[in-house]
Amino acid sequence: MTDFTMTTDSEGVAVITWDVADKTMNVMSIDGLTELDALIDQALGDDAVKGIIITSGKDGSFAGGMDLNLLAKMKADAGDDPAKGLFEGTMRMHHLLRKIERAGMDPKTLKGGKPIAAALPGTAAGIGLELPLATHRIFCADNPKARIGLPEILVGIFPGAGGTTRLVRKLGAMAASSFLLEGKMVAPAAAAKAGLIDEVADDPMAAAREWVLNAKDADLVKPWDAKGYKMPGGAPYHPAGFMTFVGASAMVHGKTKGAFPAAKALLSAVYEGALVPFDTALKIEARWFTNVLMNPSSSAMIRSLFLNKEALEKGAVRPEGIPDQRVKKLGVLGAGMMGAGIALVSAQAGIEVVLIDRDQAAADKGKAYSEAYMDKGIARKKATPEKKEALLNLITATPDLDALKGCDLIIEAVFEDPKVKAEMTQKVEAVIPEDCIFASNTSTLPITDLAKASSRQDQFIGIHFFSPVERMLLVEIIKGANTGDRAVAKALDYVRQIRKTPIVVNDARFFYANRCIIPYGNEATRMVTEGVAPVLIDNAAQMLGFPVGPIQLGDETSIDLATKIMRATKAAMGNEYPASEADDLIVWMEDLGRLGRKANAGYFDYDEKGKRIGYWKGIHDKYPLAEEQPDLQEVQDRLMFVQVLEAVRALEEGVLMDIREGDVGAILGWGFAPATGGPLSWLDMIGTPYAAERCDQLEAKFGPRFKCPDLLREMAEKNQTFYGRFGPKAAAAA
């Protein structure tokens with residue numbers, strides 16, 4: 001099978017079609033690279049060929065990026081020098097794209113080349129845009145579902161096949177920054193307006209063909225190859241450009257706090273590349289790209305945020321032999337913020353929703369959440385009145401339980417009280433079909449206990465959403481002791497319908513995500529009671545790569561939620577509950593009415609508009625600042641180990657059934673430092689022997705919560721890695 005094929009018509013237009021078999025979207029592989037190189041040589045060397053169009057055989061898309069196995073092969077082929085293999089492999093891509101760009105023209109006169117156009121049926125991402133950027137003109141279909149951009153930074157790398165250098169030289173550093181540093185993906189019209197592509201056409205193939213047949217020599221010369229080229233916005237040594245690059249450096253370090261190596265490498269490639277001729281700039285880009293690929297952080301991010309995430313979304317942990325369980329009619333019990341959010345994302349997926357609450361006014365309020373959401377979308381021109389009407393027509397808001405007849409999935413999102421949930425379970429089971437799956441959206445209550453109220457425990461499961469539902473990417477699916485495979489398959493198929501990433505865990509108090517994040521918040525508040533400055537705690541976390549620090553997170557999620565969880569846990573655990581000064585702090589805050597952002601008063605002070613204006617100094621009246629603050633490393637280790645040790649215990653106890661879910665769930669669920677690839681990847685990065693040693697040091701100084709789990713101790717003694725022992729390859733071999 002071939003990835004690229006070529007045909008030439010009677011007027012001499014060669015059409016190279018990219019169509020990777022068994023893939024819904026094209027990806028670039030080693031074989032594909034070789035084939036494309038050969039076809040370009042063939043077309044450029046054939047006198048009968050007047051011009052070339054590169055397009056896709058996929059309906060609605062051009063390409064989705066690079067096959068990451070290509071990078072692995074580059075490393076493997078180099079033997080003991082993987083960096084050399086990556087650099088030479090990257091330069092091979094550069095040589096091919098430069099060949100397309102120069103198109104056989106005379107290097108001195110820049111004449112005599114053959115026009116090469118790209119005709120995009122739709123989405124072009126990563127190498128799928130870097131390749132078109134090397135052609136002489138890019139045409140894209142007016143496809144509203146298409147997205148154009150370079151999202152590599154989101155998985156820990158940056159565009160390394162010329163995309164970085166070409167985009168900066170085409171748009172200027174400032175205009176290119178949102179696409180390179182944020183991985184922004186835009187619709188075709190916005191891409192044309194920004195300058196990523198040249199033209200949106202009803203028929204991109206016809207438009208490309210007409211252009212190819214009429215192109216002149218001057219149309220083929222890229223600005224950076226023309227005499228007198230000046231970078232838009234100014235080069236680094238130009239006064240305007242100097243300020244741009246100073247600002248870009250400050251912006252990158254301000255946003256990343258130094259935790260994301262790809263952003264720094266990208267900025268270095270842009271700055272250094274802007275100082276030299278184009279071909280040298282490509283070599284600099286390749287060197288920084290290699291540098292990033294050799295960084296363990298990038299490898300871990302690629303594995304977790306691309307490979308593992310994609311595998312989970314495609315059903316890696318779905319029970320075998322269960323037929324398709326896609327949801328046709330969903331019942332949502334409880335129209336509060338969580339229930340309203342579930343109704344919204346389900347209706348967005350085209351699912352019929354019955355939204356239940358105690359009375360019509362409460363149910364209508366829940367539906368109004370979707371209405372307000374769509375109104376915001378219309379105001380931002382991301383939705384239309386027609387789409388709003390269609391979505392709202394899918395949601396029936398009512399207090400009448402009889403409306404649940406015909407539902408094939410129920411999601412209960414009522415008050416976090418076992419008695420209330422049990423009563424609702426029994427009422428609803430009297431109405432719904434016998435084969436309907438019942439799910440609880442509880443965030444802390446054990447599913448096995450909640451299932452005792454059900455007459456069909458094999459059809460009872462936990463589906464834990466994170467708030468706000470429409471923005472959070474993760475859904476945690478919890479198997480109770482008696483949950484059957486069909487319920488698991490139903491939950492997984494539903495999560496796929498609403499386009500979120502699922503993890504499946506076994507039942508235990510707090511499941512997986514909350515058992516890790518609650519100790520994280522507790523450790524931060526413990527430090528406050530010890531006199532550690534809140535600003536040090538938050539900055540320490542952000543320097544690790546967390547999107548916000550734990551003190552700020554406490555204000556965002558609310559202090560009264562923390563006290564509610566604390567009291568419920570204390571009641572359930574009795575004398576085994578590990579009480580601490582942190583509990584006293586949050587109860588004191590609650591008594592003062594400082595409940596966080598929602599109350600305009602918490603760990604922070606807020607202005608009248610709800611904007612944070614600084615840490616609340618009054619907290620030091622009760623917990624004075626220590627004269628000597630701990631060093632940064634100690635604060636960071638406390639914040640990290642208190643979470644990762646819970647992840648290890650979850651794996652040890654069988655709560656986590658797949659190591660990939662531990663890492664993906666942590667990053668998507670509570671923002672665990674993405675640059676590490678997740679808690680288990682981080683332990684592999686620092687090494688299990690060092691991790692066990694550091695546990696002993698932390699336990700000696702701060703107590704048993706840092707005690708090294710038996711599994712980690714055993715792995716340290718054998719110098720094992722988590723992915724070496726529990727990764728997909730190890731599991732398959734076992």
Side-chain angles (χ1 to χ4, degrees), residues 123 142-149 151 154 178-179 181-194 255 330 332 334-357 360-398 411 413 441 465-475 494-495 497-501 547-548 552-553 555-558 561 596-600 604 606-612 668-671:
T123 293
D142 188 10
N143 179 347
K145 293 183 179 180
R147 290 295 178 267
I148 313 292
L154 301 178
S178 63
F179 299 103
L181 286 168
E182 298 173 22
K184 189 177 178 182
M185 299 283 289
V186 296
K193 185 177 180 180
K255 284 190 173 183
L330 171 71
V332 180
M337 183 174 286
M338 189 63 77
I342 295 169
L344 168 62
V345 298
S346 301
Q348 285 178 316
I351 298 171
E352 182 184 351
V353 180
V354 178
L355 183 59
I356 299 284
D357 214 305
Q360 190 63 53
D364 287 341
K365 185 178 178 182
K367 183 173 179 177
Y369 186 87
S370 291
E371 185 174 9
Y373 179 88
M374 293 303 291
D375 284 340
K376 287 179 184 176
I378 292 169
R380 295 170 184 168
K381 298 185 178 179
K382 292 185 176 181
T384 64
E386 292 75 21
K387 285 185 178 179
K388 172 187 170 182
E389 183 181 3
L391 183 139
L392 293 177
N393 285 340
L394 286 170
I395 302 174
T396 300
T398 177
I411 298 179
N441 177 57
F465 286 86
F466 296 80
S467 183
V469 176
E470 62 272 18
R471 287 175 53 194
M472 299 300 285
L473 300 175
L474 186 77
V475 177
Y494 166 67
V495 172
Q497 277 178 272
I498 60 173
R499 296 181 180 177
K500 295 191 182 292
T501 303
V548 297
Q552 183 182 335
L553 184 64
D555 257 24
E556 300 290 341
T557 55
S558 83
L561 176 62
R597 176 185 282 278
K598 70 179 184 180
N600 257 23
F604 288 84
Y606 297 83
D607 65 18
E608 291 150 1
K609 294 182 179 178
K611 182 180 179 182
R612 286 190 307 277
L668 300 186
W670 71 92

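Along the sequence shown, residues carry numbers from 1.
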Quiz item: Between the side chain of Asp357 and the main-chain N/O of Gly366, is any donor-acceptor distance below 3.5 Å?
Solution: no
Quiz item: Less than 4.5 Å apart, any side-chain heavy atom of Met472 and any of Phe465?
Solution: no
Quiz prompt | Separation between CG of Leu154 and CD of Glu182, rounded to the nearest 0.5 Å | solution = 9.5 Å
Quiz item: Atom CD in Gln348, atom NZ in Lys387: separation rounded to 0.5 Å?
Solution: 10.5 Å
Self-check item: Test item: Glu371 side-chain N/O and Lys365 main-chain N/O as donor-acceptor pair under 3.5 Å
Solution: no
Quiz item: Donor-acceptor pair, Thr501 side chain versus Leu474 backbone, under 3.5 Å?
Solution: no
Quiz item: Are the side chains of Met337 and Pro468 in touch, meaning some heavy atoms are under 4.5 Å apart?
Solution: no
Quiz prompt | OG1-NZ distance between Thr398 and Lys367, expressed to the nearest 0.5 angstrom | solution = 10.5 Å
Quiz item: Which value, rounded to the nearest 0.5 Å, describes the distance between Ile351 atom CD1 and Ile498 atom CD1?
Solution: 7.0 Å
Quiz item: Of all heavy-atom pairs between Asn600 and Gly610, which one has the smallest distance, and what is that distance?
Solution: OD1-CA, 3.4 Å
Quiz item: Do you know which two heavy atoms are closest between Ala349 and Gln497, and how far apart they sit?
Solution: CB-O, 3.3 Å
Practice problem: Grab the two heavy atoms, one from Ala363 and one from Ala335, that are nearest each other, plus how far apart they are. | Solution: CA-CB, 4.1 Å
Practice problem: For the residue pair Leu668 and Phe466, establish whether any side-chain heavy-atom pair is separated by less than 4.5 Å. | Solution: no
Exercise. Using a 4.5 Å cut-off on heavy atoms from C-beta on, say whether the side chain of Lys388 contacts that of Asp375.
Key: yes
Quiz item: Do Lys376 and Lys382 have side chains that get closer than 4.5 Å, going by heavy atoms?
Solution: no
Exercise. Please name the pair of heavy atoms, one in Leu391 and one in Ala347, separated by the smallest distance, quoted to 0.1 Å.
Key: CG-CB, 3.8 Å
Quiz item: Minimum heavy-atom separation for Met338 to Ser467, with atom names?
Solution: CE-CB, 3.9 Å
Exercise. Evaluate whether atom CZ of Arg499 has more than 12 neighbouring non-hydrogen atoms of other residues, nucleotides or ligands under 6.0 angstrom away.
Key: no
Exercise. Report yes if some heavy atom in the side chain of Ile395 is under 4.5 Å from a heavy atom in the side chain of Ser370; otherwise report no.
Key: yes
Quiz prompt | Leu344 and Val469, any side-chain heavy atoms less than 4.5 Å apart | solution = no
Self-check item: Residue pair Val475 / Tyr494, side-chain heavy-atom distance below 4.5 Å
Solution: no
Quiz item: Atom OH in Tyr606, atom NZ in Lys598: separation rounded to 0.5 Å?
Solution: 12.0 Å
Quiz item: To the nearest 0.5 Å, how far apart are CD1 in Ile411 and CD1 in Ile356?
Solution: 13.5 Å
Quiz item: What closest approach, in Å, do Pro547 and Gly671 show between heavy atoms, and which atom pair accounts for it?
Solution: CD-O, 3.2 Å
Exercise. Could you walk me through whether Glu556 and Val548 pass the side chain to side chain contact (heavy atoms under 4.5 Å, CB included) test, one step at a time?
Key: CA-CA 10 Å; Glu556 300 290 341; Val548 297; 5.6 Å; no
Quiz item: Step by step, would you call Asp555 with Arg612 a side chain to side chain contact (heavy atoms under 4.5 Å, CB included)?
Solution: CA-CA 10 Å; Asp555 257 24; Arg612 286 190 307 277; 5.6 Å; no
Practice problem: Determine, stepwise, if the pair Val332 / Leu355 fulfils side chain to side chain contact (heavy atoms under 4.5 Å, CB included). | Solution: CA-CA 5 Å; Val332 180; Leu355 183 59; 3.8 Å; yes
